[in-house]
There are 2 protein chains.
Amino acid sequence: MKLSDSSQALVLHFGEMGSRWGFNRTVGQILALLTIHPEPLNADHLAEALHVSRGNVSMGLKELQAWRLIERQHQPGDRKEYFTPSGSIWDMARIVFEERRKRELDPTLSLLRQQLLSASEDSGADYTQAKMQEIYDLLEQLNTFANSLHDMEPERLKKLMSMGAGVSKVLNFGSKKKSSPSSAS
Amino acid sequence: MKLSDSSQALVLHFGEMGSRWGFNRTVGQILALLTIHPEPLNADHLAEALHVSRGNVSMGLKELQAWRLIERQHQPGDRKEYFTPSGSIWDMARIVFEERRKRELDPTLSLLRQQLLSASEDSGADYTQAKMQEIYDLLEQLNTFANSLHDMEPERLKKLMSMGAGVSKVLNFGSKKKSSPSSAS
DNA sequence: TAGAATTTTCAGAAATTTCTGAAGCTTTAG
DNA sequence: CTAAAGCTTCAGAAATTTCTGAAAATTCTA
């Protein structure tokens, strides 16, 4: 398990970025290596290539399986477990995106909802209540948007993303003068 | 500086979420408190309300100013520095979003660009090169999309977000029947 | 079923991040 | 200019996260 300079660099980089993307160094490195390696790898390969302990690899693989980012395979005539990414790069991005939405928005939405419901009791603290409502509204909108991206079929999503700033133009069609009376439901 | 139960809960929560949003506990708490408090606060207020040291508050304020999330003010007849959020909740969200795009996408794009350019030298490692290209393409598309969101005027952005899944419908206009035969580029 | 191969677990070690508090710096009033 | 008020810095302490490695558990072969 010797990595090319280029692969080595990518793997190390994914380790560093890991924490920003929601996992730890080893998990980032394992994911990177499995992704760019043509063949499935087993835990010993990974431990050797990444210079980390066997136990650490085991924990990392467990976490990546929990995220559904990788899956187990078996090679005929080998008792060891081998791993590969469970989908395309695109699939991975969706999974990470969704997981992060859950971790970064849901808990706060849930807290704010609670706070705002039980607010009627407190009479004062007007300003604070209003701000909390503002934060809630914003996060809920973000959340809805994130969900709608997540639910889109890949093709449509790709199209939307590649339109980039062009989306802005298309949106003018939707608005025109005629504001649909449906509004807030 | 006594906080209501509700404010207290929100501040603590923002402290916990802080690390997921890109800053540490104290920074999260300071931001939350300044946001929901009707009046500007000074460093002593913050240290007392959050039960953290004066030095920690100073560092937190410095960081929030670097992010341009808060700004200094002076109260007439008081030598202390007071702080308030520097914009609306919406403005804050945009700043945090943009800062995270920079931290989470730019470094990887930059590394991959470099790797892919200097790839001609290495002859082998075909699969790996192809995967790196895939990752690069995806991240660049994400990046472009994020930028176009960031550059949109708030009104248009709000409209886009509130359309949610509806965006999908609007996009059909752009595709019609004419399926471009380009496929994988 | 025995036992060898492989994987998982988890207590404590190592590394990293965050926080404190006192020293020192800057600003302002007098 | 002096001194008090206020702010910042940063070395080391505390807290948190990550990693190791040996023991325990599981799986497979014969």
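Computed from heavy atoms alone, side chains included, the values below leave out hydrogens, waters and symmetry copies. These numbers were taken from a predicted model, which means no experiment stands behind them. Residue numbering restarts at 1 for every chain, and letters A, B, ... go by the order of the sequence lines.
- Glu16(B) places its CD atom 15 Å from the P atom of dA15(D), with the value rounded to the nearest Å.
- Between Asn147(A) and Thr144(A), the side chains place no donor N or O within less than 3.5 Å of an acceptor N or O (distance only, hydrogens not considered).
- For the pair Lys80(B) NZ and dC7(D) P, the computed distance is 7 Å after rounding to whole Å.
- Remark: C1' of dT6(C) and NE2 of His45(A) are 14 Å apart, rounded to the nearest angstrom.
- Residue Phe83(B) contributes atom CZ, which lies 12 Å from atom C1' of dT8(D) at whole-angstrom precision.
- Distance, Leu41(B) CG to dC7(D) P: 13 Å, rounded to whole Å.
- Trp90(B) carries Lys158(B) over the face of its six-membered ring, with the cationic atom under 6.0 Å from the centre and within 45° of the normal.
- One side chain, Tyr136(B) or Arg113(B), offers a donor N or O that lies under 3.5 Å from an acceptor on the other.
- The 5' end of DNA chain D is approached more closely, in terms of each residue's nearest nucleotide, by Tyr82(B) than by the other of Tyr82(B) and Arg25(A).
- Going from atom CG of Asp78(B) over to atom C1' of dA5(D) covers 10 Å, rounded to whole Å.
- Within the nucleic acid shown, Thr26(A) comes within 4.0 Å of sugar-phosphate atoms alone, with no base atom in reach, counting heavy atoms only.
- If you check the side chains of Thr108(B) and His13(A), you find a donor sitting under 3.5 Å from an acceptor.
- Judged purely by distance below 3.5 Å, without hydrogens or angles, the side chains of Asp137(B) and Gln133(B) pair a donor atom with an acceptor atom.
- In the hydrophobic clustering of ILVMFWY residues, with side-chain heavy atoms under 4.5 Å counting as a link, Met59(A) and Ile30(A) come out apart.
- For Asn24(B) and dC19(C), the shortest distance from a side-chain N or O to OP1 or OP2 is below 4.0 Å.
- Whole-Å rounding puts the His74(A) NE2 to dT27(D) P distance at 11 Å.
- The only option from Glu99(A), Glu98(A), Glu104(A) that meets the side chain to side chain donor-acceptor pair (under 3.5 Å) definition with Arg101(A) turns out to be Glu98(A).
- Within residues 51-69 of chain A, the residues approached by DNA chain C to less than 4.0 Å at the level of any non-hydrogen atom are Arg54(A), Gly55(A), Ser58(A), Met59(A), Lys62(A), in residue-number order.
- For Arg79(B), the listed nucleotide lying nearest its side chain is dT28(C); candidates were dT28(C), dT7(C), dC19(D).
- Nucleotide dC19(C) holds its P atom 11 Å from the CG atom of Leu50(B), rounded to whole Å.
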